Amino acid sequence: MKEHSFFESVWEVVAKIPFGKVTSYGAIARYLSTPKAARMVGWAMNASHAAKLDIPAHRVVNRLGMLSGKQHFGQIDLMEDLLKSEGLIIKEDKIVNFEENYWDPLIELRVKS
DNA sequence: GGGTTGACGTGCC
DNA sequence: GGGCACGCCAACC
């Protein structure tokens, strides 16, 4: 039995992001009831990458839809390319159709009434 | 326990 | 929209 650290909780949410959808670090943080720990979400992405986990970190951007973490993908254009291949429109490190493809775990993973 | 870190967010200019 | 200062907090040393 493995303890669920904050990082693992983040990875669990990110892994549920559907193809072609994106969300923000803050949204994940809010979903985990720690809205002020949004920075940790980004750190968790870095940790997941280091741990070689299969986490779609490219689907997580900041609240402005900007590819703030692109420089952590090894190749600068990798994140942008991955998102483009999923139907997203990127212009100058920013997702143009961000709101259209925004996936909020608070809504999507909420227990439907 | 204390200082540093950080792929963020909010407020303000 | 861009830039800056500050806050926030889990993980790390």
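Since we're looking at a predicted model, the values are computed, not measured. The chains referred to below are lettered A, B, ... by the order of the sequence lines, with proteins before strands, and numbering in each begins at 1.
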Mind checking [X] for me? I need base, sugar-phosphate or nothing, with any heavy atom below 4.0 Å counting as a touch.
X: A:Y25; result: base
X: A:F7; result: sugar-phosphate
X: A:N62; result: sugar-phosphate
X: A:A44; result: nothing

Is there a donor-acceptor pair under 3.5 Å between the side chain of A:Y102 and the backbone N or O of A:K21?
->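 Here the side-chain-to-backbone pair does not exist.
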Would you say the side-chain atoms of A:T34 pair up with the backbone N or O of A:A37, donor to acceptor, closer than 3.5 Å?
->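 Side chain of A:T34 to backbone of A:A37: no pair is present.
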Atom [atom1] of [X] to atom [atom2] of [N]: distance rounded to whole Å?
X: A:F6; N: C:dC8; atom1: CZ; atom2: C1'; answer: 11 Å
X: A:L64; N: B:dG11; atom1: CG; atom2: P; answer: 13 Å
X: A:M45; N: C:dA10; atom1: CE; atom2: C1'; answer: 14 Å
X: A:I17; N: B:dA7; atom1: CD1; atom2: P; answer: 18 Å
X: A:L106; N: B:dG9; atom1: CG; atom2: P; answer: 13 Å
X: A:I28; N: B:dA7; atom1: CD1; atom2: P; answer: 15 Å
X: A:D93; N: B:dA7; atom1: CG; atom2: P; answer: 15 Å
X: A:R30; N: B:dG9; atom1: CZ; atom2: C1'; answer: 9 Å

Listed nucleotide nearest any side-chain atom of [X], set [options]:
X: A:A37; options: C:dC9, B:dC8, C:dA11; result: C:dC9
X: A:M66; options: C:dG2, C:dC8, B:dT5; result: C:dG2
X: A:M40; options: B:dG6, C:dG2, B:dA7; result: B:dG6
X: A:R39; options: B:dA7, C:dC12, B:dC8; result: B:dC8

A:E108 and A:K16 ion-paired at < 4.0 Å =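 No.
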No-hydrogen, no-angle side-chain donor-acceptor test under 3.5 Å, A:H58 and A:E80 =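 Checked: A:H58/A:E80 side chains show no N/O donor-acceptor pair below 3.5 Å.
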Look at the side-chain N and O atoms of A:S24 and state whether any lies under 4.0 Å from the OP1 or OP2 oxygen of B:dC8.
->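 Checking B:dC8 against A:S24, no side-chain N or O comes under 4.0 Å of OP1 or OP2.
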Closer than 4.0 Å, any side-chain N/O of A:R63 to the OP1 or OP2 of B:dT10?
->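 For B:dT10, OP1 or OP2 has a side-chain N or O of A:R63 closer than 4.0 Å.
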Plane angle bin for A:F7 and A:W11 - parallel if under 30°, tilted between 30 and 60°, otherwise perpendicular =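 Aromatic pair A:W11/A:F7 classed tilted.
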